[in-house]
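Everything on this sheet refers to the single structure shown next.
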Amino acid sequence: MASPAVLRPLPPQPPPPSSSSTDLRAHRRATIRGLDSCASMTELRQYHSQIVRLGLAADNDAVGRLLKFCALSPSGDLAYALRLFSHLPRPDPFVFNTLFRAQPASAPRSALLYSDMLQRPVHPNEFTFPSLLQSIAADRELGLGRQVHAHVLKLGFGADGYSGNNLLHMYLSCGLLAEAHSLLDAMPHRDVVSWTTMISGLSQSGLLDDARKLFDEMPERNSVSWNAMIAGYVQGGRFKEASKLFDQMQAEGVELDRYVAASMLSACTGLGALEQGQWIHRYIERSGIELDSKLATTIIDMYCKCGCLEKAYEVFSGLSRKGLSSWNCMIGGFAMHGRGEEAIKLFKEMEKEGVMPDDITLLNVLSACAHARLVHEGRHYFEYMVQAYHIEPRMEHFGCMVDLLGRAGLLEEAKKIIDEMPMEPDAGVLGALLGACKIHGNVELGEQIGRRVIELDPQNSGRYVLLANLFASAGRWEDVANVRRLMNDRGVNKEPGCSVIERNGVVSEFIAGGRSHPQAKEIYAKVDEMMERIRAEGYVPDTGGVLHDTDEKNKDHSLYYHSEKLAIAFGLLHTKSGETIRISKNLRVCRDCHAASKIMSRVFDREIIVRDRNRFHHFKGGECSCRDYW
DNA sequence: CACCGAGCGG
């Protein structure tokens, strides 16, 4: 009854045996042309048999087109392409060049194919080297790259811009910056791609300032070049410079495309700049930039990490097709806001929709449990991930469990996880236990773990401070001094606390005790007023976290001017009453700021949202969303 | 018969 679904018209059928040779030629042309609009392997097989029947099995023109579809189309079939290739008696350069472009490529395989090409011999043309060099660059096979470079010159393609730019890319990927520079100087036809390749290569080698110098000097720029530089800053964590360059790009009237939009969303995420991020999001909607699952996830991540879970969820639930990364991102969003139940609910929804979770999904679920004190659930999912999905816990999963158990006060159980895990715990895992020891005042275990952590990761200032704080809480001032001395001897500096707040799209930065802000005087006066107000409401400075063994009054004052309090003062000065104050900071919220922020949210009737290194705190009506569990 | 297919930077 039901006929099979025919999605596309069938290719032209063979001509009747009586037809003339003119008809045959026309038919042959039509078949070859039709191939260029082929959409599926099923259809391709029909064309293939057609071509064989027409006696074109050895025809590079016809088989080359078949091979192009099999090798390059997302609905193609690489194995089929290789079979076609092996049955071609005299493949031409086009056939070889097409195979170089096929994914997944690898440098050794491309090299093998290239030497096959040379032995036959089939002569490489200018289209041969770009794709060959791509796979060599991706695998950083410098030795092969140098040999191919020699061939490019010997075979007379030294002046070809595409080959030159790809050689440049290859040297940059292999980290040979000097070679890249001299190649660029020697290139006869430097173009915007050559410069952009250099900028991106230097950025990826961490030489952002060199890249910027080149960027400023290059004769011509397009949106790809701007994005190379902006993305470089973002990758290097230099979000403010990314944002400044973006403003310059806008001023010069360069088109904001999806790539620049994605880079800028990441910059906003890094800065916690909600308004700017929202502007980019609206721009994407207005300009009709296609919202693929990757870009959507970038937007969701921006909203999550800028403290706006509701907007994140709105975008998430509006997606018609949710990719794994979107689910992961949203679950992670609930986790970092301490909304563990909702994270778990979303995970169950994901399972119900038949989406297969991965190790990141489960990491986010465990992290959600850790931030919400869901010890029971955390234990469950730690077992469940292996049983249900055969996902073996990695280092990070163990770290999450140590964090979950340790923070809940189950130090012995956390220690047991570390002792029994199949790999050597890294500084992150041990650091989680150290943090738990600090919270629960277990100096003996903390000291033992702390010393191990510091030796594993001697440049990380946070762990020294944690250990020193632990000693301080036990009144062991001599050990505090020893830790400080160790830091000094090793040249490790305490990372200064830094908070940022955005107002009218402008990001202001405050450093603890810093006075470089133009309105410093006003802000400090506001802090004093704030602290006075909350003291009257029962706030008592918590000097437990202050290391200096000085008198209490000095300690109070160093607490007053923590970056977070400066940022809140700025927020109170510059926002309308009732408006939410959003702050992002580089370190974790200290106990004193946490207590003060709670009272301030009540006294000034403001919602204060703080993103710290680990998670979010929503202060409202005298309470914090973390329920003092962080 | 001769034509052509196609390669780079985010």
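In what follows, chains carry the letters A, B, and so on, assigned in the order in which the sequence lines appear, proteins first and then strands, with residues in each chain numbered from 1.
DNA chain B lies under 4.0 Å from no heavy atom of any residue of residues 106-120 of chain A. For the segment residues 259-271 of chain A, the set of residues with a heavy atom within less than 4.0 Å of an atom of DNA chain B comprises Y259(A), V260(A), in numerical order. Taken residue by residue, residues 281-303 of chain A places no heavy atom nearer than 4.0 Å to DNA chain B.
Every residue was checked against the ring-ring contact (aromatic ring centres under 6.0 Å, His included) condition with W195(A), not counting sequence neighbours, and none meets it. In this structure, the side-chain hydrogen bond (donor to acceptor under 3.5 Å, both in side chains) partners of D59(A), at least two apart in sequence or on a different chain, are R28(A). Judged as a side-chain hydrogen bond (donor to acceptor under 3.5 Å, both in side chains), and not counting sequence neighbours, S508(A) has no contacts. F100(A) meets the ring-ring contact (aromatic ring centres under 6.0 Å, His included) test with no other residue; sequence neighbours excluded. With sequence neighbours excluded, the residues satisfying side chain to side chain contact (heavy atoms under 4.5 Å, CB included) with V193(A) are N165(A), D191(A), T197(A). Remark: H281(A) engages E285(A), Y303(A) in a side-chain hydrogen bond (donor to acceptor under 3.5 Å, both in side chains) (not counting sequence neighbours).
In this structure, W195(A) atom CH2 and dG10(B) atom P are separated by 17 Å, rounded to whole Å.
D139(A) has no carboxylate O lying under 4.0 Å from a charged side-chain N of R109(A), or vice versa, which leaves the two without a salt bridge.
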What donor-acceptor contacts under 3.5 angstrom involve side-chain atoms of residues 123-134 of chain A, with partners at least two apart or in another chain?
residue, atom, partner, partner atom, Å
N125(A), OD1, N97(A), ND2, 2.9
N125(A), OD1, F127(A), N, 2.9
N125(A), OD1, T128(A), N, 3.4
N125(A), OD1, T128(A), OG1, 3.3
T128(A), OG1, N97(A), OD1, 2.8
T128(A), OG1, N125(A), N, 3.0
T128(A), OG1, N125(A), O, 3.1
Q134(A), NE2, N166(A), OD1, 3.3

Please table the atom pairs, donor to acceptor, closer than 3.5 Å between any side-chain atom in residues 212-223 of chain A and protein atoms at least two apart or in another chain.
residue, atom, partner, partner atom, Å
R212(A), NE, D216(A), OD1, 3.1
R212(A), NE, D216(A), OD2, 3.2
R212(A), NH1, Y233(A), OH, 3.2
R221(A), NE, F215(A), O, 3.0
R221(A), NH2, F215(A), O, 3.1
R221(A), NH2, D216(A), O, 3.3
N222(A), OD1, V224(A), N, 3.0
N222(A), OD1, S225(A), N, 3.1
N222(A), OD1, S225(A), OG, 2.9
S223(A), OG, D257(A), OD2, 3.1

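Nearest heavy atom pair, residue L271(A) against residue K240(A), reads CD2-CG, 3.9 Å. Shown here for M336(A) and R615(A), the closest heavy-atom pair between the two residues is O-CB, 3.3 Å.
The aromatic ring centroids of F85(A) and F96(A) lie less than 6.0 Å from each other.
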Can you check each nucleotide of nucleotides 3-9 of chain B against protein heavy atoms at under 4.0 Å and return B for base, S for sugar-phosphate only, - for none, in 5' to 3' order? -BBBBBB
